[in-house]
Amino acid sequence: TTVDLESRFHSPHRATCGLAQTFYSHSYAQWRDNKLPTEILAEYCKNKNLPAPVYTQIDNTVKVGGKEFYADTTIVDETETTKKSNEPLALAALNQWEEVEGGTILVPEHVEIRKLL
């Protein structure tokens with residue numbers, strides 16, 4: 001298989017690292033990207049000339065480009081303590097980015113499988 005890394009880097013679908021469905025701050029399924037979901041979402045809003053995301057933890061919502069997205073904002077940290085975070089909200093908006101005006105489908109997290117023959 002030949003992969004053109006230049007195309008992957010410049011793709012509007014953010015093909016550099018797939019988006020997970022759920023945000024984990026630790027454990028084997030922890031966030032693997034070098035940017036947090038809030039940073040990625042802010043960057044996408046800036047690039048699309050949209051206002052900055054508005055997070056409301058009371059309602060568990062984030063408003064982006066006139067759309068509201070919902071997610072559970074409770075995460076468990078390394079000490080098994082539960083706390084509120086905006087990361088799940090940003091991730092929910094990113095996973096549904098195509099619903100935002102001018103948005104495209106972003107690459108989801110996936111596992112490549114091949115036969116061993």
Find out if a path of hydrophobic residues (ILVMFWY) with successive side-chain heavy-atom gaps under 4.5 Å connects Val62 to Ile75.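 Same hydrophobic cluster.
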
The criterion is salt bridge (charged side-chain N to carboxylate O under 4.0 Å, His left out); which residues satisfy it with [X], sequence neighbours excluded?
{"X": "Glu68", "value": "none"}
{"X": "Asp33", "value": "Arg14"}
{"X": "Glu43", "value": "Lys35"}

For residues Trp97 and Leu19, determine if any side-chain heavy atom of one lies less than 4.5 Å from a side-chain heavy atom of the other.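 No - every pair of side-chain heavy atoms lies 4.5 Å or more apart.
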
Close side-chain approach of Thr104 and Glu98, heavy atoms under 4.5 Å: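 With C-beta onward as the side chain, the pair stays apart.
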
On a heavy-atom basis, which atom in [X] and which in [Y] lie closest, and how many Å separate them?
{"X": "Glu87", "Y": "Ser85", "result": "N-OG, 3.1 Å"}
{"X": "Pro88", "Y": "Ala71", "result": "O-CB, 3.6 Å"}
{"X": "Ala20", "Y": "Asn95", "result": "O-ND2, 3.0 Å"}

Under the side chain to side chain donor-acceptor pair (under 3.5 Å) test, which residues partner Thr81, sequence neighbours left out?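 Counting only residues at least two positions away or on another chain, Thr81 forms a side chain to side chain donor-acceptor pair (under 3.5 Å) with Thr79.
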
Go through the structure and list residues passing side chain to side chain donor-acceptor pair (under 3.5 Å) with Lys67, not counting sequence neighbours.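 Result, side chain to side chain donor-acceptor pair (under 3.5 Å) vs Lys67: none returned.
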
Backbone N/O of Glu80 and side chain of His26: donor-acceptor pair under 3.5 Å: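 Absent.
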
Ser25 side chain to Trp31 main-chain N or O, any donor-acceptor pair under 3.5 Å?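 Answer holds: no.
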
Output the distance between atom [atom1] ([X]) and atom [atom2] ([Y]), rounded to the nearest 0.5 Å.
{"X": "Leu91", "Y": "Ile40", "atom1": "CG", "atom2": "CD1", "result": "8.5 Å"}
{"X": "Ile105", "Y": "Gln96", "atom1": "CD1", "atom2": "CD", "result": "12.0 Å"}
{"X": "Lys84", "Y": "Thr74", "atom1": "NZ", "atom2": "OG1", "result": "4.0 Å"}

Determine, stepwise, if the pair Phe69 / Val100 fulfils side chain to side chain contact (heavy atoms under 4.5 Å, CB included). CA-CA 10 Å; Phe69 302 97; Val100 176; 3.8 Å; yes

Give me each pair satisfying side-chain hydrogen bond (donor to acceptor under 3.5 Å, both in side chains) with a member in residues 57-66, each pair once, sequence neighbours excluded.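 Checked against side-chain hydrogen bond (donor to acceptor under 3.5 Å, both in side chains) - neighbours excluded - the pairs reaching residues 57-66 are Gln57-Asn86, Asn60-Thr73.
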
